[in-house]
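In what follows, a structure is listed as structure tokens, so that the remarks can point back to it.
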Amino acid sequence: MSRCTGANLLMLWCGPRTWSRSAGWQPCAIAKVCPSSHSAPAPGLRVASVLCRYSGAPSPGPRMVPAHLGTPVAASPATHGTLGLLPPVGCLPLGVWSGCWGDTRGVWSGDVARSETQVCSGLSTCPNQGGVCVNLTHMDRILELNQEDFSVVVEPGVTRKALNAHLRDSGLWFPVDPGADASLCGMAATGASGTNAVRYGTMRDNVLNLEVVLPDGRLLHTAGRGRHFRKSAAGYNLTGLFVGSEGTLGLITATTLRLHPAPEATVAATCAFPSVQAAVDSTVHILQAAVPVARIEFLDEVMMDACNRYSKLNCLVAPTLFLEFHGSQQALEEQLQRTEEIVQQNGASDFSWAKEAEERSRLWTARHNAWYAALATRPGCKGYSTDVCVPISRLPEIVVQTKEDLNASGLTGSAHPAAGERWGGVRADQSLGQQEARGGLGWRIVLSSGPPGSIVGHVGDGNFHCILLVNPDDAEELGRVKAFAEQLGRRALALHGTCTGEHGIGMGKRQLLQEEVGAVGVETMRQLKAVLDPQGLMNPGKVL
């Protein structure tokens with residue numbers, strides 16, 4: 001057991017406790033009572049008890065109550081306190097912050113004075129109607145590493161990069177890479193994916209077990225306590241139920257992950273194409289040829305121009321594929337040769353590869369910074385990302401049609417400099433096949449009058465995003481972006497795809513979810529939610 005003082009808990013401290021995975025919560029005789037200053041208000045919440053754990057002795061974190069929501073209200077220890085009422089908006093980190101794990105039994109056992117009180121969890125989550133935020137940042141231990149079984153158990157504060165740094169000398173790694181240095185338990189809760197999914201799968205394929213605190217306070221191990229097998233036919237798949245549940249069914253307090261052998265060698269490659277159709281066709285042909293590509297990412301010419309400017313690349317401004325291959329040296333040579341043959345048959349040019357780690361990192365950093373590169377093209381505007389996914393055979397059709405829709409709707413830029421103009425050392429009236437890129441950037445992007453948009457995606461698994469930039473004060477622009485996103489979602493559904501490949505439903509795609517899984521599917525989800533969370537406390541308004 002570890003000593004627990006509760007010194008960083010931003011809510012009424014109702015008695016010191018210690019916690020262990022074998023004995024659960026126990027009174028802690030050596031702990032000190034948390035100072036009364038560590039309390040914060042919530043909408044009509046009566047706190048029955050608060051339990052806390054942390055590793056080490058973190059210093060108190062900053063107060064997180066927004067100034068406009070008022071001053072924390074002290075509560076009477078004798079009655080556990082009725083905390084002050086606040087407007088039903090804003091992010092109240094009431095429950096856990098900076099090193100603590102909280103079990104607010106008043107929230108989970110029904111002692112809620114007002115029905116709108118809600119519980120949210122994560123490293124940076126805010127409730128949509130006011131309520132309680134549970135911040136698990138400093139639950140950051142790697143609890144168990146099983147090298148022979150290729151598995152690891154981590155707490156919510158452990159991020160993807162932190163885990164891989166810990167695994168550096170083990171010959172193992174965790175490949176799911178959404179771009180950001182995200183919390184691994186958060187990635188499980190959202191069903192995250194990323195650039196390596198084409199070879200290594202998504203979080204759904206790499207989560208073996210979860211420890212979840214249910215809304216009524218019970219502790220659930222979805223595959224059984226301590227188990228980390230690769231396959232099982234025992235009962236319902238509870239792990240799959242909670243992966244991607246977006247915090248609506250419980251709090252994930254530990255996850256057991258599948259690890260993979262680190263590749264012997266890695267090579268990245270890029271190639272430019274004369275059209276979007278040619279680039280996406282090449283993706284399908286590479287997969288059909290059974291080339292075991294680890295990453296295959298598509299960026300259209302608008303995004304390539306933005307990445308050149310933002311990340312100081314020197315790539316042709318044309319529809320482009322970023323690829324990566326993992327394996328032995330001999331296997332990589334075969335994969336590169338076969339891939340180059342396929343892309344050249346589709347009119348690709350400027351096929352180049354990067355073997356050095358620094359050069360590969362530069363390319364993939366630019367890809368991961370594509371969002372920020374797009375935002376930089378229109379300062380002061382906000383970004384909106386779509387997230388559809390279709391069967392790989394329908395990918396060329398939907399990407400080409402989406403590009404045409406972007407051009408027609410005024411939600412994109414286009415590559416059309418004046419004929420004969422030179423820019424970056426390349427004549428604008430030359431075709432891509434005739435261009436001689438002498439260190440220049442290629443075509444110039446001339447933006448239309450509407451907000452610039454671009455396409456980027458994990459096309460190896462049929463998933464892509466349109467990044468649309470919009471002035472939040474322009475109602476007409478906002479309307480066009482919303483209409484475009486809904487139209488794209490429905491087009492994906494018509495092609496037997498999904499309205500969200502990795503970003504989740506949240507609040508914005510609830511109608512599309514019903515269209516995707518049908519009324520019976522949604523009703524089944526509602527019944528599951530009602531059984532696990534009958535009061536609707538966990539992330540209300542999300543998903544359903």
Side-chain angles (χ1 to χ4, degrees), residues 88-93 116-136 156 176 178-180 182-194 197 202-204 212 215 240-252 371 382-389 457-458 463-468 470 472 478-479 481-493 497-518 521-526 528-530 532-533 536-544:
V89 292
C91 180
L92 301 178
E116 67 265 26
T117 299
Q118 61 175 304
V119 181
C120 303
S121 64
L123 301 189
S124 59
T125 300
C126 289
N128 60 4
Q129 299 174 356
V132 177
C133 272
V134 182
N135 188 307
L136 308 177
V176 181
S183 156
L184 291 162
C185 287
M187 289 167 60
T190 57
S193 180
T202 71
M203 287 300 288
R204 292 190 183 277
V212 182
L241 175 63
F242 283 87
V243 173
S245 60
E246 301 185 34
T248 61
L249 301 179
L251 297 177
I252 297 176
W371 172 262
K382 302 295 184 181
Y384 180 91
S385 176
T386 65
D387 175 46
V388 299
C389 185
H458 321 300
N463 184 206
F464 71 95
H465 315 293
C466 296
I467 300 179
L468 309 173
V470 59
L478 287 169
V481 166
K482 181 179 179 181
F484 176 86
E486 290 180 352
Q487 178 189 19
L488 179 57
R490 291 190 170 96
R491 176 176 289 122
L493 297 182
T498 175
C499 64
T500 175
E502 58 187 7
H503 293 172
I505 295 296
M507 294 184 294
K509 293 187 177 181
R510 291 176 296 187
Q511 177 58 41
L512 289 173
L513 174 65
Q514 180 152 340
E515 295 176 27
E516 180 170 328
V517 304
V522 170
E523 182 57 29
T524 302
M525 294 181 194
R526 292 189 188 278
L528 290 169
K529 167 76 169 173
L532 292 171
D533 183 17
L537 300 177
M538 306 301 294
N539 267 359
K542 303 291 179 66
V543 183
L544 301 173

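The figures that follow rest on heavy atoms only: side chains count, while hydrogens, waters and symmetry mates do not.
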Completion exercise
Hits for ring pair (Phe, Tyr, Trp, His ring centres under 6.0 Å) against H503, two or more places apart or cross-chain, chain-then-number order -> H465
Handout entry: Test side-chain hydrogen bond (donor to acceptor under 3.5 Å, both in side chains) applied to T386 - qualifying residues, sequence neighbours left out
Key = none
Practice task
Of all the heavy-atom pairs spanning P472 and K382, show the shortest one and how long it is.
Solution key: CG-CG, 3.8 Å
Practice task
Please lay out, stage by stage, how L241 and L528 fare under the test side chain to side chain contact (heavy atoms under 4.5 Å, CB included).
Solution key: CA-CA 10 Å; L241 175 63; L528 290 169; 4.0 Å; yes
Exercise for the section: Any chance you could measure N463, atom CG, to T500, atom OG1, to the nearest 0.5 Å? Expected result: 7.5 Å
Problem - Residue pair L513, M525: steps toward the side chain to side chain contact (heavy atoms under 4.5 Å, CB included) verdict - result: CA-CA 11 Å; L513 174 65; M525 294 181 194; 4.2 Å; yes
Fill in the blank from the handout: To the nearest 0.5 Å, atom CD of Q487 lies from atom NZ of K482 at 14.5 Å
Fill in the blank from the handout: Note: S183 and P156 closest approach over all heavy atoms is OG-O, 2.6 Å
Practice task
Please examine the side chains of R510 and L544, heavy atoms only from C-beta on, and report whether any two atoms are closer than 4.5 Å.
Solution key: no
Handout entry: Short side-chain to backbone donor-acceptor contact, D387 and C499, under 3.5 Å
Key = no
Problem - Spacing of E246 atom CD and I505 atom CD1 [to the nearest 0.5 Å] - result: 7.0 Å
Problem - Least distance between heavy atoms, G383 atom then W371 atom - result: C-CH2, 3.3 Å
Completion exercise
Tightest non-hydrogen contact, residues L537 and P540, listed as O-CD, 3.4 Å
Exercise for the section: Please name all residues satisfying side-chain hydrogen bond (donor to acceptor under 3.5 Å, both in side chains) with T498, sequence neighbours left out, ordered by chain then number. Expected result: E516
Practice task
Might you point out which heavy atoms bring C389 and G501 nearest each other, and give the distance in Å?
Solution key: CB-CA, 3.9 Å
Problem - Counterpart residues, side-chain contact (heavy atoms from CB on, under 4.5 Å), relative to T202 (two or more places apart) - result: S193, A197, R204, D205
Exercise for the section: Would you check if M187 and P178 make a side-chain contact, meaning some heavy-atom pair closer than 4.5 Å? Expected result: yes
Handout entry: Intermediate values then yes/no, side chain to side chain contact (heavy atoms under 4.5 Å, CB included), C466 and L488
Key = CA-CA 10 Å; C466 296; L488 179 57; 4.0 Å; yes
Handout entry: Counterpart residues, side-chain hydrogen bond (donor to acceptor under 3.5 Å, both in side chains), relative to R490 (two or more places apart)
Key = E515
Exercise for the section: Under the side-chain hydrogen bond (donor to acceptor under 3.5 Å, both in side chains) rule, collect the residues that match up with K529, sequence neighbours excluded. Expected result: D533
Exercise for the section: Could you pull out the closest heavy-atom pair between F242 and G250, with the gap in Å? Expected result: CE2-N, 4.3 Å
Exercise for the section: Would you give the length of the straight line joining atom OG of S245 to atom CD1 of I252, rounded to the nearest 0.5 angstrom? Expected result: 5.5 Å
